[in-house]
Amino acid sequence: MPQVLTHHQLLEIAGEFGTPLYVYHAERITEQYQRLRAAFRETDATFFYACKALTNINVLRHIKSIGCNADCSSINEVKLALLAGFEPSKVLYTSNNIAFSEIEAAVSLGVHVNIDSLSNLRKFGERYGHSYPVGIRLRPNIMAGGNLKISTGHNKSKFGIPVEDIDQVLDIVKEKNLHIRTLHIHTGSEIKDVEVFAKGIEVLFNLVKHFPELEVIDLGGGFKVPYAPGEEGTDVELLGKSVKAEFEAIAKIYGRRLQVWFEPGKFLVSEAGYFLVQVNVLKQTGDTCFAGVNSGLNHLIRPMFYGSYHHIENISNASGVPEPYHVVGNICETDTFAEDRMIAEIREDDYLVFYNAGAYGFEMASNYNSRFKPAEVLVKDNKARLIRRRDTMEDILATQVVLED
Ligand code: LLP
């Protein structure tokens with residue numbers, strides 16, 4: 001049984017630290033990592049946590065402490081990962097549409113870079129030639145992922161170098177004598193179907209022969225976790241078996257053993273996160289009962305942006321009779337977390353919990369309406385500790401330049 005924080009623990013934490021509040025459970029992250037390790041134990045697999053999902057430095061340090069590497073999507077994330085103590089050799093920077101100066105900065109920090117455009121690949125060749133092993137991010141033209149906004153590998157996607165441009169890639173590699181160490185794809189987020197990874201492997205395997213120095217096939221992230229009750233996530237154990245078989249086949253054909261890299265974000269941190277809010281106002285209009293909470297799309301945008309489902313429970317009255325509620329925020333536009341959701345009877349001031357709030361929750365939060373972002377707490381060894389204080393008015397003004405005229 002996965003480790004969970006109980007209603008009782010969450011209520012205590014809400015009372016101690018206030019709401020809105022993100023709470024992360026370190027042991028649950030560890031558990032997910034161990035599940036991946038076990039599923040891939042017979043393959044030369046390395047996992048790079050896609051830290052865009054949740055970058056609090058204490059979470060990064062925990063992830064480092066359990067032996068996982070880091071995948072970054074900006075130079076600032078690279079800097080955070082290094083600050084958290086990851087060795088540069090354990091840090092991966094998978095870029096998309098970035099200025100070449102960021103690639104130069106990443107190289108000067110000694111991290112591995114996956115390049116996603118022909119122009120940056122050419123510039124890389126001009127600047128570094130064979131001296132710095134590099135990766136190529138390809139677009140495999142595979143449709144995958146939970147919805148179009150988080151689907152990244154299809155044939156209309158902005159991500160990666162389209163695989164049909166491989167001849168141009170090879171010309172640059174040859175002309176600049178590039179040292180290609182990794183081939184990368186990332187087809188999307190919330191990929192349940194193990195077959196999608198097999199398709200990606202097939203696309204890359206067909207290219208292996210062109211890259212004699214290739215060491216790694218990097219399949220990106222995107223493992224699905226269950227969000228709604230009864231929903232199933234990616235069967236990573238099955239995926240482990242199929243990847244093992246496919247990599248053994250390639251070893252036979254080419255006489256080369258390749259490593260496989262993955263970049264899981266949601267899989268590691270989604271279920272470890274809880275978002276706690278309090279009900280400000282109950283409003284009954286016609287058939288609808290709105291439960292207006294002290295949060296909104298400024299704190300958890302996934303439901304409004306992607307139509308994502310987050311399971312919600314009333315932890316102040318768990319044994320109350322379930323009723324249908326529209327759970328809404330306090331932002332000046334429609335910010336509906338859930339419609340006609342059956343939740344144990346809600347009273348004003350009750351605390352609600354949103355599950356699966358570890359990934360892309362706080363990380364996508366903003367100060368819209370000049371509201372404060374939530375605070376963050378990490379529970380580890382049964383101790384709950386503040387890892388980000390709540391904003392103050394000073395924070396809201398901190399980067400503004402007040403003109404004197
Ligand atoms: N690697 C690359 C290159 C990525 O772009 C991503 C996610 C990942 C790995 C990790 O994917 P994951 O394992 O977390 O599915 N904000 C959206 C998700 C955006 C994902 C962006 N890229 C959401 O809340 O669903």
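All ligand and atom numbering here is 1-based and tracks the order in the structure.
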Please say which of Y309, F337, Y274 ends up in a ring-ring contact (aromatic ring centres under 6.0 Å, His included) with Y355.
Y274
What do you reckon, is CD of E248 surrounded by more than 12 foreign heavy atoms closer than 6.0 Å?
yes
Of the options E190, K266, K224, which is the one that meets T234 in a side-chain contact (heavy atoms from CB on, under 4.5 Å)?
K224
Tell me the residues surrounding ligand 1, counting only those with a heavy atom closer than 4.0 angstrom, sorted by chain and number.
A50, K52, D71, T94, R137, I150, H186, S189, G221, G222, E263, P264, G265, K266, R302, Y306, Y360, M364
Donor on one side chain, acceptor on other, T6 and Q9, under 3.5 Å:
yes
Taking atom types as modelled and ignoring hydrogens, do the side chains of D218 and T182 form a donor-acceptor contact shorter than 3.5 angstrom?
no
Looking at the rings of F197 and F223, which for Trp means the six-membered one, are their centres under 6.0 Å apart?
yes
